[in-house]
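Only heavy atoms go into these numbers, but all of them, side chains included; no hydrogens, no water, no symmetry mates. Chain A is the first sequence line, chain B the second, and so forth, proteins listed ahead of strands; every chain is numbered from 1.
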Amino acid sequence: MKGHFGKYGGRYVPEMLIPALEELDQAYAVAKKDKQFRKEFTDLLRNFSGRPTPLVFAKNLTQKLGGAKIYLKNEGLNHTGAHKITHCIGQALIAKRIGKTRLIAETGAGQHGVATATVAAKFGFSCTVYMGEVDIARQRPNVFLMEQLGAKVVPVPFGSKTLKDAVNAAIKDWIENVKDTHYVLGSVVGPHPFPTMNRDFQSIIGKEIRKQLKEAEGILPDYVIACVGGGSNAMGAFTDFIKESSVHLIGVEAGGRGKKIGQHAVRFPSGSVGVVEGYKSYFLQDSDGQLQKTHSISAGLDYPGIGPELSFLHDNNRVKFVSITDQEALEAVKTLSELEGIIPALESAHAVAHAIKIAPKLSKSKTIVVNLSGRGDKDIFILTKAFKDKKFYEFMKNLVEEGI
Amino acid sequence: MTKLEEKLQQIKKEERVGLMTHVVIGYPTLEETISIAKTMAENGVDIIELQIPFSDPLADGPTIMHACEKSLENGTKVKDAFIIMRQLTSQIPTPLLFMAYYNTVFKYGVEKFCKNAQAAGASGLIVPDMPIDEESEEHFLFFCRKYDLHNIQVISPASTEDRLKKNAEVASGFVYCTARQGITGAKDQLDQNITTYIEKVKSFFSVPVAIGFGISKRQHIQALKPHADIAVIGSAIINIINKSNESDTKQKIKQFLLELKS
């Protein structure tokens, strides 16, 4: 059986989804070898999404910390503001090849939903995005954007009303409408072939890092750091370096507000192996296998599961996992904004915060690459609240008082 | 011959469509699960599936999902499922099956789950998200066999001939066919192509055929005759429970079952 990473991964779905997954698997296998497909994909990444994204030397931050050199892979400069657009383009092309006319997606922060709605508009698919009620309440701007792009955003009222429940709702929609619908799963999670396919699409991040750093410094990085929700940006940045044993790979999880259950989304070491949402991996779950509540200030990291390949790389000690709290991530947003002129997404700020922690302890001859998976525009409401920006609050109040 | 096989043979002999019903363990409460299952057994139900509530039930529609959520809020644990199974098998002769999502079985330990299910008197397991392709990794079918549990395979109208063939090779007890491509939930109409589909399934499977998903009326069951061996009623009874209070639940379920069979 394909799609296993050691004991992780697989395709644990009801029989009624197997034909669709087999169809997708075969279509992807054929497309991968097809020159025309690769050409179209590369062309869209360049001319629609704006790749390659820059690898920026964070000179001021490096000087301030006084240790290892820090480079930022600015995925936030992709169209729609994050790396998510890459696997959406790839999947939309595959969906077209197998004759689907409708795209559905789950979204947490809304980034993947916006990216899916964007490719749906561009390629002429109808589009439905599932989003937990809790996430809708904290990420309204992205709901507006998805609607502008012509997507229907369906609130998910059950479970914890966040990302995992949106995944469940999307899978159910797919089960019911599999004939004309492709499910654009937004991370390296779920049943085979999604973890492999999305990793392959995203692996361009690491390939570009390798090339760009070689041009800039003539070397391989010593550290590659990425935040990990499901793991799409992390697998994107890591994949090209897995075989390079000198490159340390670090995944940063959401430490949230504390170590208690429900206050964080740290799968290592709090999680245990389970089989949920179609794949085997580490999950935050109780002793009965019920998924537990999670929390992160960044909706994109607030997920109880993790990509199966990352579980495999964790067990092999190839990827090291650390966590960063909400507070540390907020401070990293400030630091990076002030020193480098880049406002990172709260998710990506977790990776930045860890680089800030370790860079001073490393020698100046070492190089760290931080994958900046997205830009921070989307977080404006969370940030203004966290930074207690009174003027912004007044602005909002006036806006509301003015009415529509 | 197992208790389930005897029941299936009896249904065949009587030339009728057997009736399988469903409860969510701990919904509305553990006590009521017992009394509801007994009511079913006393009113002509042939087989009952006891669903172990799970936080993320992939194949269930809103009705059963809501029942699972409520049951978990009430504090239902997996160990309660075994207690309920044991109590019921000592009180009613009806063959009982566990319906569970694979994480529940996996987390408990596949062998331990099967061993304890057998000890509690279960006749078999329905685990829809444990596909045959993962058997070499999970040994689920192996332990079902070891502990004399029927593994009830679930297939759908989307299943290809290749998948039907593979599932038929391991099928045990009966095969559970979903009446439509979709999730659980009571519907007004049955799919028009249902009999063609059942006949296609029968050409692959030697075990009896059960039809579920969307069945809620006497006419539905009539339409399945003589093609299907068993009709499965799930969400429709939970809808009845939702609409009644503790004092009249049993009466309403009884009435519903009598109407189905009339």
TODO: Determine, stepwise, if the pair Asn103(B) / Gln285(A) fulfils side-chain contact (heavy atoms from CB on, under 4.5 Å).
DONE: CA-CA 10 Å; Asn103(B) 200 42; Gln285(A) 55 183 332; 2.9 Å; yes

Task: Working for side-chain contact (heavy atoms from CB on, under 4.5 Å), residues Leu58(B) and Leu17(A) - done: CA-CA 11 Å; Leu58(B) 212 59; Leu17(A) 268 184; 5.5 Å; no

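The local environment of NZ in Lys202(B) is crowded, with over 12 non-hydrogen atoms from other residues, nucleotides or ligands closer than 6.0 Å. Within a 6.0 Å sphere centred on CD1 of Ile261(A), other residues, nucleotides and ligands contribute 12 heavy atoms or fewer. Other residues, nucleotides and ligands place more than 12 heavy atoms under 6.0 Å from the CD atom of Glu73(B). Heavy atoms from other residues, nucleotides or ligands lying under 6.0 Å from NZ of Lys161(A) number more than 12.
Taking all atoms of both residues into account, the shortest heavy-atom contact from Asp56(B) to Glu277(A) is OD2-OE2, 4.1 Å. Met16(A) and Ser156(B) make their closest contact through CB-OG, 3.2 Å (heavy atoms, listed as atom of the first residue, atom of the second, distance). Between Phe54(B) and Gly289(A) the shortest heavy-atom distance is CE1-O, 3.1 Å. When every heavy atom of Ser272(A) is checked against every heavy atom of Lys107(B), the shortest pair comes out as OG-NZ, 2.7 Å. Looking at every heavy atom in both residues, Asp60(B) comes nearest to Lys172(A) through O-NZ, 2.7 Å. The two residues Glu134(B) and Arg11(A) have their closest heavy-atom pair at OE2-N, 2.7 Å.
The CD atom of Glu69(B) sits 8.0 Å away from the CZ atom of Phe158(A) when rounded to the nearest 0.5 Å. The line from CD of Gln181(B) to CG of Asn177(A) is 9.5 Å long, rounded to the nearest 0.5 Å.
Val78(B) touches chain A through backbone and side chain together, each having a heavy atom under 4.5 Å away. For chain A, no part of Ile52(B) is nearby; none of its heavy atoms comes within less than 4.5 Å. Contact of Val167(A) with chain B is not made at all, since no heavy-atom distance falls under 4.5 Å. If you measure heavy-atom distances from Ile171(A) to chain B, the contacts under 4.5 Å come from the side chain alone. Only the side chain of Phe213(B) comes within contact range of chain A, with heavy atoms under 4.5 Å apart. Residue Ser287(A) touches chain B through its backbone alone, counting heavy-atom pairs closer than 4.5 Å. For chain B, the nearby parts of Pro14(A) are the backbone and the side chain; heavy atoms of each come within less than 4.5 Å. Looking at Lys179(A), neither its backbone nor its side chain comes within 4.5 Å of chain B, counting heavy atoms on both sides.
A salt bridge is defined here as a Lys NZ or Arg NE, NH1 or NH2 lying under 4.0 Å from an Asp or Glu carboxylate O, and Glu15(A) with Lys166(B) fails to meet this definition. For Glu22(A) and Arg163(B), the salt-bridge test passes: some basic side-chain N is under 4.0 Å from an acidic carboxylate O.
Within the 4.5 Å cutoff, the side chain of Val276(A) has no heavy atoms near those of the Tyr101(B) side chain. With a 4.5 Å cut-off on side-chain heavy atoms, Tyr8(A) and Glu137(B) do not count as touching. For the pair Ile18(A) and Asp133(B), the minimum side-chain heavy-atom distance is below 4.5 Å.
Between Ser55(B) and Lys164(A), the side chains place no donor N or O within less than 3.5 Å of an acceptor N or O (distance only, hydrogens not considered).
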